[in-house]
Amino acid sequence: MLKLSRRVFGLTGAAALAALAQPAARAQPRPENPKVTLAVATHGALYDLPLTLAQQVNDFKAEGLETDLQSMNGSARVQQALLSGSVDVVSGSYEQVLQLQAQGQKVQAFVLLLRSPMVSLGVSVKALPRYNAVEHLYGRRIGVSAPGSVTHMLAHRLLMRSGMPASAVSFVGVGTGAGAVAALRTGQVDALSNTEPVMTLLEQKGELRMIADARTQAGCADLFGGPMPAGCLYATTQWLQKYPATAQALASSVVHALKWLQTAGPSDLIKTVPEAYMLGDRALY
């Protein structure tokens with residue numbers, strides 16, 4: 001497991017945020033390659049909400065882009081798709097970039113989507129009604145969206161901080177959305193590390209007790225000792241050097257979507273976000 005430090009983020013995060021530093025109102029060159037294929041590991045989760053909004057409110061089209069969003073299950077698959085050249089850009093977690101760089105792969109993040117990972121970990125109230133310490137997870141099954149994902153990393157971090165080896169538990173890939181909800185409800189897993197809105201849904205229904213939270217900056221500081229970079233768009237260095245205006249158009253689209261989100265009300269979101277993303281509960285979303 002790659003250890004992330006505040007110093008590492010300070011050195012590499014600046015490069016990832018470079019695209020955001022450009023004035024939003026400045027006229028940009030037309031994209032060299034307007035047709036872009038993006039791989040998404042957590043499509044439908046709040047983790048990718050800025051990307052969803054950029055697509056739904058036509059920010060991509062406004063920047064002269066035709067985007068093809070391909071939903072893939074897990075970080076390993078999106079990384080493989082990027083390195084094989086079957087997709088141009090990945091919407092994934094920032095630690096994936098650091099892990100790939102540590103393996104000698106020339107990849108780079110060029111815009112952050114979130115200030116925190118928007119993931120959390122909770123235990124099943126039914127399976128662990130007397131839970132009061134991390135040690136109670138010993139021998140239990142922890143559901144994660146996919147092996148190697150940010151949800152897996154969160155669970156690993158909690159165990160490590162408590163002095164428990166990762167081998168003390170079993171990690172089970174359950175995906176996100178309805179699949180993750182079903183895995184906890186049917187007893188396939190005893191605890192769950194996942195994205196929103198899955199975790200809040202289970203928590204509000206009284207089925208999950210939260211024990212680790214990286215949905216807020218304060219929660220990240222408690223778990224990781226400081227800021228934790230989250231969802232981002234990343235690509236190979238070769239692609240970015242070949243298509244700089246296309247990368248800028250993607251970054252600008254995300255910035256416009258985030259600005260729209262700052263002023264949008266609940267009814268605006270409900271009208272814009274696909275119904276399937278709400279897990280059957282509009283009020284919760």
Side-chain angles (χ1 to χ4, degrees), residues 9-10 13-28 31 36 38 40-65 67 69 89-94 97 109-120 150 176-177 194-201 203-204 213-221 224 226-234 245-279 281-285:
F9 176 53
L17 290 171
L20 287 177
Q22 309 238 4
R26 194 178 83 182
Q28 300 294 338
V36 181
L38 293 102
V40 185
T42 54
H43 207 36
L46 284 186
Y47 195 86
D48 286 303
L49 181 59
L51 191 65
T52 299
L53 293 176
Q55 184 182 39
Q56 294 296 112
V57 299
N58 292 327
D59 285 322
F60 288 133
K61 289 184 178 179
E63 293 294 330
L65 296 171
T67 54
L69 269 60
V89 177
V90 165
S91 176
S93 56
Y94 192 78
V97 178
F110 58 97
V111 62
L112 284 175
L113 306 181
L114 302 166
R115 290 185 295 179
S116 60
M118 289 298 292
V119 297
S120 53
V150 66
T176 57
N194 220 273
T195 59
E196 292 295 337
V198 166
M199 300 301 285
T200 295
L201 172 68
E203 184 182 27
Q204 290 196 356
D213 196 341
R215 295 175 294 184
T216 66
Q217 290 178 290
C220 287
F224 303 110
M228 182 63 189
C232 66
L233 299 186
Y234 67 89
T246 304
Q248 180 61 62
L250 286 167
S252 297
S253 299
V254 170
V255 170
H256 292 317
L258 289 170
K259 287 184 176 181
W260 180 91
L261 184 59
Q262 287 179 339
T263 58
S267 62
D268 298 315
L269 277 174
I270 295 301
K271 293 175 184 176
T272 305
V273 176
E275 184 75 27
Y277 294 4
M278 302 177 196
L279 297 178
D281 193 330
R282 289 188 173 194
L284 172 72
Y285 195 90

Spatial distance of atom [atom1] ([X]) from atom [atom2] ([Y]) [nearest 0.5 Å]:
X      : Y      : atom1 : atom2 : result
Thr216 : Arg115 : OG1   : CZ    : 10.5 Å
Glu63  : Asn58  : CD    : CG    : 12.0 Å
Thr195 : Leu49  : OG1   : CG    : 12.0 Å

Gln204 and Thr200: side chain donor to acceptor below 3.5 Å: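 No, Thr200 and Gln204 have no side-chain donor paired with an acceptor closer than 3.5 Å.
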
Distance-only donor-acceptor check, side chains Asp48 and Ser91, under 3.5 Å: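 A donor-acceptor contact under 3.5 Å links the two side chains.
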
Quick one: closest heavy-atom pair of [X] and [Y], and the distance?
X      : Y      : value
Ala109 : Tyr234 : CA-CB, 3.6 Å
Ser253 : Leu65  : OG-CD1, 4.2 Å
Leu284 : Pro197 : CD2-O, 4.2 Å
Ala249 : Pro31  : CB-CG, 4.0 Å

Could you tell me if the side chain of [Y] sits less than 4.5 Å from the side chain of [X], heavy atoms only?
X      : Y      : result
Trp260 : Thr272 : yes
Val111 : Cys232 : no
Pro117 : Tyr94  : no
Phe60  : Val36  : no
Asn194 : Val119 : no
Thr52  : Pro274 : yes
Leu51  : Leu233 : yes
Phe110 : Val89  : yes

Salt bridge (Lys or Arg N to Asp or Glu O under 4.0 Å) pairs, two or more places apart, involving residues 268-277: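 Those involving residues 268-277 are Glu275-Arg282.
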
side-chain contact (heavy atoms from CB on, under 4.5 Å) between Leu53 and Asp59, intermediate numbers included: CA-CA 8 Å; Leu53 293 176; Asp59 285 322; 5.8 Å; no

Heavy-atom donor-acceptor pair, Glu196 side chain to Met118 backbone, under 3.5 Å: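 The answer is no, because no donor-acceptor pair under 3.5 Å joins these two groups.
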
Check: Ser116 side chain, Arg215 main-chain N or O, donor-acceptor pair, under 3.5 Å: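 Judged by distance alone, yes, a pair lies under 3.5 Å.
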
Evaluation steps, side-chain contact (heavy atoms from CB on, under 4.5 Å), between Gln217 and Met228: CA-CA 8 Å; Gln217 290 178 290; Met228 182 63 189; over 6 Å; no

Test side-chain contact (heavy atoms from CB on, under 4.5 Å) applied to Met278 and Val273, step by step: CA-CA 8 Å; Met278 302 177 196; Val273 176; 4.1 Å; yes

Step-by-step side-chain contact (heavy atoms from CB on, under 4.5 Å) determination, Leu114 to Tyr47: CA-CA 7 Å; Leu114 302 166; Tyr47 195 86; 4.0 Å; yes

